Amino acid sequence: MSHPDPAAVVQAQLDAYNAKDIDALMATYAPDARQFTLHGPLLAEGIDAIRPRYVTRFAEPDLHARLLSRTVLGNFVTDLEVVTRNFPEGKGSVEMLCIYEVVDGRIARASFATGATTLFAAA
């Protein structure tokens, strides 16, 4: 049985994220997927732990991830994104480096590095 291209899996994940479609997003993750901070601690293990992290994030009205670049090496996909967020201090953006390992057509592991946060000027 052939599986989708790893880049296509990660793109489906990004599209679901931007659509705030929790079911489509969870469909891109393996049931036992794990999320980490890059070179750091485990953030969540299994879709039952991953789902609430996104449900909370999807409550932000301005949430949107813009892909700046993507690199694919075998079953690893690295995305550089700028994510618009609603922070407690106000609307802004944050740079994110997202590294996905795709196994059997689903994201098995994801690691995230957070870059600079920029708050937008109040209108």
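Since the structure is predicted, the reported quantities are computational estimates derived from the model, not experimental observations.
Distance check, rounded to the nearest 0.5 Å: OG1 of Thr78 to CZ of Arg70 gives 10.0 Å. Annotation: the span from Ile22 atom CD1 to Tyr17 atom OH amounts to 10.5 Å, rounded to 0.5 Å. In this structure, Asp62 CG and Phe120 CZ are separated by 8.5 Å, a value rounded to the nearest 0.5 Å. For the atom pair CD1 (Ile107) and CD (Glu101), the distance works out to 11.0 Å, reported to the nearest 0.5 Å. Rounded to the nearest 0.5 angstrom, Leu80 CG and Leu67 CG are separated by 8.0 Å. Between Lys91 atom NZ and Glu60 atom CD the span is 11.5 Å, to the nearest 0.5 Å.
Side-chain N or O atoms of Asp79 include none that pairs as donor or acceptor with a backbone N or O of Glu81 at under 3.5 Å. Checked by atom type and distance alone, the side chain of His3 pairs as donor or acceptor with a backbone atom of Asp104 at under 3.5 Å. No donor-acceptor distance shorter than 3.5 angstrom exists from the side chain of Arg66 to the backbone of Val83, with no hydrogens or angles considered. With Thr28 contributing its side chain and Leu25 its backbone, the two residues share a donor-acceptor pair below 3.5 Å.
A continuous path of hydrophobic side-chain contacts links Leu119 to Val94 [ILVMFWY only; heavy atoms under 4.5 Å]. A continuous path of Ile, Leu, Val, Met, Phe, Trp and Tyr side chains, each step under 4.5 Å between heavy atoms, connects Phe58 with Met26, placing both in one hydrophobic cluster. Using a 4.5 Å cut-off between side-chain heavy atoms of Ile, Leu, Val, Met, Phe, Trp and Tyr, with links allowed through other members, Met96 and Phe76 fall into different hydrophobic clusters. Cluster membership for Val82 and Leu38, using ILVMFWY side-chain heavy atoms within less than 4.5 angstrom, is not shared. Linking ILVMFWY side-chain heavy atoms closer than 4.5 Å, directly or via other members, places Ile99 and Phe36 in two distinct hydrophobic clusters.
A perpendicular orientation is assigned to the rings of Phe112 and Tyr100, their planes being inclined by more than 60° (bins at 30° and 60°).
The shortest side-chain heavy-atom distance between Thr37 and Ser111 does not fall under the 4.5 Å cut-off.
The shortest non-hydrogen separation linking Pro4 to Gly105 is CD-CA, 3.9 Å. Taking each heavy atom of Pro31 and Arg106 in turn, the nearest pair found is CD-NH1, 4.0 Å. Across Ala110 and Tyr29, no two heavy atoms sit closer than the pair CB-OH, 4.3 Å.
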Where do Thr114 and Glu95 land on the side-chain contact (heavy atoms from CB on, under 4.5 Å) test, with the steps shown first?
-> CA-CA 6 Å; Thr114 304; Glu95 296 173 329; over 6 Å; no

Run the side-chain donor-acceptor check on residues 39-51: report pairs under 3.5 Å with partners two or more places apart or on a different chain.
| unit_1 | atom_1 | unit_2 | atom_2 | d |
| --- | --- | --- | --- | --- |
| Arg51 | NH1 | Asp23 | OD1 | 3.3 |
| Arg51 | NH2 | Asp23 | OD1 | 3.2 |

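A donor-acceptor contact closer than 3.5 angstrom is absent between the side chains of Arg109 and Gln35.
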